[in-house]
*Asks:* 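I'd like to ask you about the structure that follows.
Numbers here are sequence positions counted from 1. FYI, side chains are in, hydrogens and waters are out, and symmetry mates aren't considered; it's all heavy atoms of this structure. All values reported here derive from a predicted model rather than from experimental measurement.
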Amino acid sequence: MATAGIGKERRLPPPLPLATLIGRELRAGGSERPSLRYGHAGFAKRGEDYFLVKPDCLRVPGDPSTAFSVFAVFDGHNGVSAAVYSKEHLLEHVMNALPPDISRDDWLQALPRALVAGFVKADIDFQRKGEVSGTTATLVVVDGFTVTVASVGDSRCILDTQGGEVQLLTVDHRLEENAEERERVTASGGEVGRLNLFGGQEVGPLRCWPGGLCLSRSIGDMDVGEFIVPIPHVKQVKLSNIGGRLIIASDGIWDALPSEAAAKACRGLPAELAAKLVVKQALKKSGLKDDTTCVVVDIIPSDYRLTSPQLSPKKNQSKFKSLLFGRRSHSSIGKLGGKSASFGSVEELFEEGSAMLEERLGRNLSLKATSPPFRCAICQVDQEPFEGLMTENGGSYCSSPCAPWGGPYLCLDCRKKKDAMEGKRSSHSTACR
């Protein structure tokens, strides 16, 4: 599968505040939230793919103005346990890491850090079960026209816009194609190489040893070393008020179809049919070599609701197909109030793929760390401080030298996890060196 690695982390220009972008949306007449249409399809070979569709989440219980939606794909390996656990608990861990009673723009700004904490928490809790299964995870949060994607592994999410531009919202964590991840794994104590047969012949993709996993990031996989990390790449974008289409799928799709081909194959079709067609095209291209799972989500401006009484069913269908990135006419652009310049435009709000928790959690996370009991930024459990715990301001209660930590408060177990992921200790050593 041809894909681009992370490479050097791109330093984006300072993003516009979300409040500014939301203000623009209101002034442009886009105060109504878009509607969502979604569909899913798939075929099982091993039965290790799972997906999640939750279109009716609320930030504040009972308040429909705080609605958001979640879609996810989990591609398990070495069994289904990690994929099933992630489907059932990952979103809960992310939500627990978000401060309560905050505004929508503050919630969206806090979401990338909460996704990191939630993924790490899911990995810690699943590994405590003692099972060796692992899974990729691509979790997508849609709040109005703002889309936030967190991913580990090689299940991918792409965005197709009205202008025909296809954007990759995830990064593939395959050792074969991602040079930066290979460097990180080897620097943390792992060994990267191909399967070595008798006689010295090397075959297959690059893998991490011990364990032989070809991914550098996942949830679970306790048998492959903790330098295989659950820290997700996170990207947050704001669509223009014309909306867009998301295609979330496991590598059974992407090994067969490039991103552009998958998007092009289903343009002009409703989401349910689009998902089925993407799967059909992948199977036609490569056969059923792996589990194939596809979730399609259309983010549709309220002006284009299919239930509009002014349109006959035939005209409704034609207008809907035009919206879903079929061919556009000049007359259809004019009906949008002369805002043709906004077609396909996407504001990039946030992107970070570092595997270092200190960079991902930062210093400004809202925590109960001013006085005991302290709340761990990952497991969200209040604990009294004792030897080995780190505080938000870098203070240490550890009597022997430890690696400096400038991030938020971590409990002992989460501090051990952090050090193991960074190669500062073996998986079974103590927290302090």
*Asks:* Excluding sequence neighbours, so at least two apart, what forms ring pair (Phe, Tyr, Trp, His ring centres under 6.0 Å) with His40?
*Replies:* Phe51
*Asks:* One pair to check against side chain to side chain contact (heavy atoms under 4.5 Å, CB included): Arg360 and Glu352. What are the steps and the verdict?
*Replies:* CA-CA 8 Å; Arg360 304 304 299 276; Glu352 181 62 75; 3.2 Å; yes
*Asks:* Among Asp290, Asp291, Leu283, exactly one meets side chain to side chain contact (heavy atoms under 4.5 Å, CB included) together with Phe43. Which residue is that?
*Replies:* Leu283
*Asks:* Ring pair (Phe, Tyr, Trp, His ring centres under 6.0 Å) with Phe227: which residues, sequence neighbours excluded?
*Replies:* none
*Asks:* Kindly state each residue pair satisfying side chain to side chain donor-acceptor pair (under 3.5 Å) with at least one member in residues 198-209, sequence neighbours excluded.
*Replies:* none
*Asks:* Between Asp172 and Arg156, is the salt bridge (Lys or Arg N to Asp or Glu O under 4.0 Å) condition met? List the steps.
*Replies:* CA-CA 7 Å; Asp172 289 351; Arg156 184 186 299 178; 3.0 Å; yes
*Asks:* Quick check: do Leu175 and Val185 have side-chain heavy atoms less than 4.5 Å from each other?
*Replies:* yes
*Asks:* Using 4.0 Å as the upper bound for N to carboxylate O, is an ion pair formed by Arg174 and Asp154?
*Replies:* yes
*Asks:* Strictly distance-based, threshold 3.5 Å: is any side-chain N or O of Glu176 a donor or acceptor partner for the main-chain N or O of Leu206?
*Replies:* yes
*Asks:* With distance as the sole test, does Ser86 use its side chain to make a donor-acceptor pair with the main-chain N or O of Ala83 at under 3.5 Å?
*Replies:* no
*Asks:* Going by salt bridge (Lys or Arg N to Asp or Glu O under 4.0 Å), name the residues that satisfy it together with Asp75, two or more places apart in sequence or in a different chain.
*Replies:* none
*Asks:* Under a 4.0 Å threshold between the charged nitrogen and the carboxylate oxygen, would Arg375 count as salt-bridged to Asp382?
*Replies:* yes
*Asks:* Just how far is it from atom OG of Ser218 to atom CG of Asn78, taken to the nearest 0.5 Å?
*Replies:* 10.5 Å
*Asks:* What residues form a salt bridge (Lys or Arg N to Asp or Glu O under 4.0 Å) with Asp143, not counting sequence neighbours?
*Replies:* Arg33, Arg104
*Asks:* For side chain to side chain contact (heavy atoms under 4.5 Å, CB included), just list the numbers for Ile231 and Leu357, CA-CA rounded to whole Å, side-chain angles, deciding distance to a tenth of an Å, and then say yes or no.
*Replies:* CA-CA 8 Å; Ile231 300 175; Leu357 269 181; 3.9 Å; yes
*Asks:* Heavy-atom distance under 4.5 Å between the side chains of Glu347 and Val237, does that happen here?
*Replies:* no
*Asks:* I'd like to know whether CG of Asp63 has more than 12 heavy-atom contacts from other residues, nucleotides or ligands below 6.0 angstrom.
*Replies:* yes
*Asks:* Go through the structure and list residues passing ring pair (Phe, Tyr, Trp, His ring centres under 6.0 Å) with Tyr85, not counting sequence neighbours.
*Replies:* His89, Phe126
*Asks:* Could you tell me which residues satisfy side chain to side chain donor-acceptor pair (under 3.5 Å) with Gln281, sequence neighbours excluded, listed by chain and number?
*Replies:* none
*Asks:* Taking the side chain as every heavy atom from C-beta outward, state whether Ile247 and Asp160 have any pair of such atoms under 4.5 Å apart.
*Replies:* no
*Asks:* Can a salt bridge be assigned to the pair Asp49 and Lys87 using a cut-off of 4.0 Å between side-chain N and carboxylate O?
*Replies:* no
*Asks:* So, the side chain of Thr293 versus the backbone of Ala249: is there a donor-acceptor pair under 3.5 Å, distance only?
*Replies:* no
*Asks:* Just to verify, what does Phe71 make a ring pair (Phe, Tyr, Trp, His ring centres under 6.0 Å) with, not counting sequence neighbours?
*Replies:* Tyr38
*Asks:* Have a look at Ile299 and tell me which of Leu159, Ile242, Leu246 forms a side chain to side chain contact (heavy atoms under 4.5 Å, CB included) with it.
*Replies:* Leu246
*Asks:* Run the side chain to side chain donor-acceptor pair (under 3.5 Å) test against Ser133 and tell me which residues pass, sequence neighbours left out.
*Replies:* none
*Asks:* So how far is it from Glu358 CD to Met356 CE, rounded to the nearest 0.5 Å?
*Replies:* 10.0 Å
*Asks:* I'd like to know if the side chain of Arg267 reaches the main chain of Gly164, judged simply by a donor and an acceptor atom lying under 3.5 Å from each other, with no hydrogens or angles considered.
*Replies:* yes
*Asks:* Could you please spell out the steps behind the side chain to side chain contact (heavy atoms under 4.5 Å, CB included) verdict for Val141 and Val147?
*Replies:* CA-CA 6 Å; Val141 179; Val147 177; over 6 Å; no
*Asks:* Which distance, rounded to the nearest 0.5 Å, do you find between the CG of Asp223 and the CD of Gln127?
*Replies:* 9.0 Å
*Asks:* Between Asp419 and Lys416, is a salt bridge (Lys or Arg N to Asp or Glu O under 4.0 Å) present by the stated rule, with each step listed?
*Replies:* CA-CA 5 Å; Asp419 285 349; Lys416 286 181 178 180; over 6 Å; no
*Asks:* Supply the atom-to-atom distance Ser250 OG to Glu48 CD, rounded to the nearest 0.5 angstrom.
*Replies:* 11.0 Å
*Asks:* Short question: side chain of Gln236, backbone of Leu108 - any donor-acceptor pair under 3.5 Å?
*Replies:* yes
*Asks:* Do Ser216 and Arg184 have side-chain heavy atoms sitting under 4.5 Å apart?
*Replies:* yes
*Asks:* Is the backbone of Glu348 close enough, under 3.5 Å, to the side chain of Glu351 for a donor and an acceptor to pair up by distance?
*Replies:* no
*Asks:* Who are the side chain to side chain contact (heavy atoms under 4.5 Å, CB included) partners of Glu260, not counting sequence neighbours?
*Replies:* Val166, Pro258
*Asks:* What residues form a side chain to side chain contact (heavy atoms under 4.5 Å, CB included) with Met95, not counting sequence neighbours?
*Replies:* Phe68, Leu91, Leu98, Trp107
*Asks:* Not counting sequence neighbours, which residues clear side chain to side chain contact (heavy atoms under 4.5 Å, CB included) with Ala150? List them please.
*Replies:* Leu115, Phe119, Pro232, Val234
*Asks:* Looking only at side-chain N and O atoms, does Ser103 offer a donor or acceptor that is under 3.5 Å from a partner on Asp106?
*Replies:* yes
*Asks:* Decide yes or no for Leu197 and Leu195: does some side-chain heavy atom of the first lie under 4.5 Å from some side-chain heavy atom of the second?
*Replies:* yes
*Asks:* Is the shortest heavy-atom distance from the side chain of Val120 to the side chain of Pro230 under 4.5 Å?
*Replies:* yes
*Asks:* Any salt bridge between Arg245 and Asp298, counting N to O under 4.0 Å?
*Replies:* yes
*Asks:* Do Pro34 and Phe145 touch side chain to side chain, with heavy atoms closer than 4.5 Å?
*Replies:* yes
*Asks:* As a quick check of understanding, evaluate side chain to side chain contact (heavy atoms under 4.5 Å, CB included) for Glu92 and Asn96, giving each step before the final call.
*Replies:* CA-CA 6 Å; Glu92 173 190 352; Asn96 287 341; 3.8 Å; yes
*Asks:* Rounded at 0.5 Å granularity, tell me how far NZ in Lys280 sits from SG in Cys294.
*Replies:* 14.5 Å
*Asks:* Please check if the side chain of Thr138 supplies one atom and the backbone of Val73 the other of a donor-acceptor pair under 3.5 Å.
*Replies:* no
*Asks:* With the side chain counted from C-beta on, respond yes when Val171 and Lys235 share a heavy-atom pair under 4.5 Å apart, and no when they do not.
*Replies:* no
*Asks:* Sub-3.5 Å donor-acceptor pair from the side chain of Lys276 to the main-chain atoms of Ala41, do we have one?
*Replies:* no
*Asks:* Main chain of Glu165, side chain of Thr161: is a donor-acceptor contact present, judged purely on distance under 3.5 Å?
*Replies:* yes
*Asks:* For the salt bridge (Lys or Arg N to Asp or Glu O under 4.0 Å) test, which of Arg217, Lys417, Lys129 pairs with Asp123?
*Replies:* Lys417
*Asks:* In Å and rounded to the nearest 0.5 Å, what is the OG to CG distance from Ser151 to Leu168?
*Replies:* 8.5 Å
